[in-house]
Every structure is written in structure tokens, then in C-alpha cells.
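For reference, the structure is listed below as C-alpha cells.
Values below: every heavy atom of this structure, side chains too, minus hydrogens, waters and symmetry copies. Read the numbers this way: they start at 1 and go in the same order the structure lists the ligands and their atoms. Note that the coordinates shown come from a computational prediction; the quantities given were computed from them, not determined experimentally.
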Amino acid sequence: ADVHTADLVVFGGTGDLSMRKLLPALYHSDRDGRLAPETRVIALSRGGLTDADFRGKVDAEVRDSVPVDDPAMWQRFLGRLHHVSVDVGGGIHGGTDEGTGWKTLAGLLAGHEDRDRIFYLASPPRTFGPFCREAHEAGLVTPRSRVVLEKPLGNDLASARRINDEVGAIFDERQIFRIDHYLGKETVQNLLVLRFANAFLEPVWNSLWIDHVQITAAETVGTPGRRGYYDHAGALRDMVQNHLLQLLTLTAMEPPARNDREAIRDEKVKVLRALRLIAGGEVDRFTVRGQYTGAGDLPGYLDEPGSTPPTELSSRVETFTAIRAEIRNWRWAGVPFYLRTGKRMPYRRSEIVVQFKDVPHAIFPGGTPNRLVLRLQPDEGIRLHIMAKEPGAGEVALKPVPMSLSFGETFTARVPEAYERLLGDVLAGNPTLFMRRDEVEAAWRWIDPILDAWKAAAGLPEPYPAGTTGPAGAHELLGRSGRAWHEEE
Ligand code: BG6
């Protein structure tokens, strides 16, 4: 494909996301020859850095996290980096800097209107609207411009709509790229290939053969230093509204007619619209919230270091949630989709587990139903647990054995990080792996009633000791119907 020259303007460009994910991803792209020679990265922040300061910061903080086999190549990468101090939110002449930041940026971009111009907003969502408006007022939005929005996109349906309206007043929908980095993970894209490039799965991919689906994103990390964000987010907004629901749509969607950006997103949004709303009194039955407490060396949520002191809000926020979702359509009627995510769990693991039903008529004792496990991380791969006969004379004894595809063992090429893939798609102008406006809003429409019920609830989240698999309620959620979370390695 053509590699266009681009000016990538990153607002929040010195922040955590930029230093940990975006800049390493850009360096990898550069190293693989996927950035045009003149492509520039212009970080914007309030920090008052010079280009040299910013390059020094990246040299100090990023260099060790990427493979630098050729120092000249690293220097060339640093040479692409620029920094401009911009004050957003006061209007372009009203900010504390009287608009000098915008003027400096305009000067840097002037004469490069023929390049792809990408505004990457790695900043809190309340800045999205003001940023777009001010960039427009400063005359920076060209026909070749795109804007990338990081999650969270709002904190409920109303705020998401407002942000979408504000951004939509300046950019066309086809110029807007809403990131959900889970969509950039290899196994997630492989899910579509597995489903739609193999004949044997599709006939059994429905309620006749599938008992239930489990989608887990478990993390060992806590939230040190993140209380300011996390108190207002919680696991439902931070992980379920976006990452877990995206995995659910890809698992459940109908086959699209083409591998085409709109065809795929059309099918995904239909799944979101078919989700049965969980509201009011049902919320207690179908959702679980938990918060980790200190255990051993691990602090509890309320004692995480490096944060502002806990408030009343902190004790109400969920660091774990499990939900029994239902998709009301022909294919999935009666098949529960269990979603689960939490901080400070005993392992880091994201996976989709498709649990098949038992054989219609069992002639051997001791069989267990088939299970397909798509592991997103770590050790990406696909495992199908099938029943086999244990070798030996005498009675037939059954044993579940995995048929296993490990990407790491099968393919030797380096697996790109999600952000690398997605940044490449932004540069190439391909929005397939980004969330369309209607998808984001349909997801909030399902989340909102759960948030409302939790807010109104008298009780607090169920405590679970740090380093465990969540509160008892999460196990009861499945246990009630004789099911259990998939826990094997
Ligand atoms: C982010 C959340 O979107 O995803 C974080 O804000 C979470 O809280 C992270 O830790 C998990 O991403 P990954 O790629 O490590 O599974």
C-alpha cells in the first residue's frame, strides 16, 4: 500500500498513553519502513517543552522499551518528533496563552496541506469537543484531516452523544476514528477469520449447539495512582462498555456479506441493539459488582498508593464486574453471554470461551461437552477441547484433550501490538477496526440502566481479597444454573 506522508498531531502527547503505547508503536512502524520519510509526530501538551526537551524525554523514557538495533534509526525517529504547548478550552484567543500555541502549531503545519493530517486525542473526553472546535477556528482542519478519539467516549449515553455531536460538527463521520484497542489485538481479528473463513464452525455457532459464552478480561494490576480517573469510571465504563462488548459483538454477529468496513460494523451494531436491557430490580440478579480489599502485600482499592485520598465515591466504585447478558435474536435466544472483568485477579488473561452443549445421546460415561477457547492474551491462541479415549485396554475411559493452535509457535513473525496495527489503519484511512458512532451509542444504551441501578442501590460492591477471582456473587451468577467460570491454564 502507499505510504502517505502524514503529520500526526497528538494532543496529550507527553502523557502516559503516548509514552507507553503510541510512541513505541510509531517507532516499530518506522523501523519496519511503514512511515514515510517526511512523516512528523507533533506532541501537544501544556508542558512548555521545546522539541529538544521532548526528544530527550522520549529518549529517556521510551528507548529502553523498544528494540534499538541501529542508533541512526533511533535518531531518525527522534528527529520526527516535535512539541508545541497548546492551551485547549479557552477558545483560541482566550486561553491562558492567548492562542500563541495554536499559532505556533499553524506555522508548523502551514504549507503541508497536501499531507494526511491526523489529530490524535489522547486526552480526557471533555476536551474532544473544544479541541476540534479550536483546531477548526485556527484553520487547521483540512479535507485530508482525520481525528482519533481515545476511550472513554463520555460517561453515559447523553455525554457520548454530546461529544459525538461536537466532534461531528467539525469532522465527517468517515474522518472520525474511535479507538478500542482490543480491536487491534491479533486474536480478535483472528476470531473473524476463524468464524468466516472456515466451514465447520458456522453450522454449530448458534443456540442449538452452544450452551453459553464467557468473555473474561482479568488483570493482576490494581489502580495505583489512577483513583482520579477510576473513581468516576469503574470496571463497567472502563472495560465492559467498550472492550468486552466489542468482543461480544464479534463473537455473536451475523456473517457480513463482504469484508468491508460498513458491512462489518452494520452487523456489530445489530448485536448491540439486540442486547436485552437489564434494568431496575433485575440488576441484582444479572450483575455483580466487586471491589478488592487488601490481602497479604497487596493493598485494597481504598489504600492504593499514589492517589488522592478516597472519597465516598471511591467506596462505591466497582473494580470487578460480572454480568449475564442475553442477545434477543434468532441465533442466540436462550444462550447466556457471561462477561467478567476485574483488577487484582490472580492472573492476567483475556479470553472468549464458547461452551458447547453435551452430545445428544451419550454412549460413553464421563464425557464433558466441547469447549472452544480463544485466548487473546497472554499466549495468544485457539484451543478446542475435544473428547478422546485414554489409551489402554479394558473399559473405554474418556479424557478431554486440547487441539491447540498457538500463534507464537505457528507463526514466527513478530505479533504487532494493538496500537501499532490501529495507528497503521488510521494512517491508511481504514476505519474497519474502529467504533462507529451508532455502535458507541448502542453500547451506552445498554450500560446506562445498569449504572443507574447501581447508583440507586443502597449496598456497596461485594468485597473480594486482592489476588482472588472476584466476589462470591460472581460464582453464584453461573452456579445458579449449574455452570462455572473457565479457570484452567
Ligand atoms: C484500558 C483500561 O482500556 O485497558 C485499563 O483503561 C486496562 O484499565 C487496559 O488496564 C487493559 O488493556 P490490555 O491490553 O492490557 O488488556
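Looking from atom 15 (O) of ligand 1 to the surrounding protein, the closest heavy atom is R348 NH2, 3.0 Å. Regarding atom 11 (C) of ligand 1, its nearest protein heavy-atom neighbour is E219 OE2, 3.5 Å. In terms of protein heavy-atom proximity, atom 12 (O) of ligand 1 is nearest to H181 NE2, 3.2 Å.
The residue E417 has no part lying near ligand 1, judged by heavy-atom distances below 4.0 Å.
The shortest N or O to N or O distance between Y182 and ligand 1 is under 3.5 Å. Between K343 and ligand 1, an N or O atom pair is found at a separation short of 3.5 Å.
For ligand 1, the atoms lying closer than 4.0 Å to a non-hydrogen atom of K185 are 13 (P), 14 (O), 16 (O). The contact set between ligand 1 and K151, taken as ligand atoms under 4.0 Å from a residue heavy atom, comprises 1 (C), 2 (C), 3 (O), 6 (O). Atoms of ligand 1 found under 4.0 Å from any heavy atom of R226 (numbered from 1 in listed order, with element): 5 (C), 6 (O), 8 (O).
Ring pair Y419/H181 is parallel by interplanar angle, where below 30° counts as parallel and above 60° as perpendicular.
Within the 4.5 Å cutoff, the side chain of Q241 has no heavy atoms near those of the L236 side chain.
The residue from T223, T319, D238 that puts a heavy atom closest to atom 5 (C) of ligand 1 is D238.
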Before giving the answer on side chain to side chain donor-acceptor pair (under 3.5 Å), spell out for Q214 and R483 the whole-Å C-alpha distance, their side-chain angles and the decisive distance to 0.1 Å. CA-CA 11 Å; Q214 302 180 7; R483 300 175 174 122; over 6 Å; no
Take T319 and Y464 through the test side chain to side chain donor-acceptor pair (under 3.5 Å) and record every step on the way to the result. CA-CA 10 Å; T319 62; Y464 63 99; 2.9 Å; yes
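Put simply, no part of Y230 is less than 4.0 Å from ligand 1, judged by heavy atoms.
For E166 and R133, the salt-bridge test fails: no basic side-chain N is under 4.0 Å from an acidic carboxylate O.
The structure places CZ of R437 at 9.5 Å from CG of L153, a figure rounded to the nearest 0.5 Å.
R178 pairs in a salt bridge (Lys or Arg N to Asp or Glu O under 4.0 Å) with only one of the listed residues (E173, E439, E150), which is E173.
With hydrogens and angles disregarded, no donor-acceptor distance shorter than 3.5 Å links the side chain of R436 to the backbone of R261.
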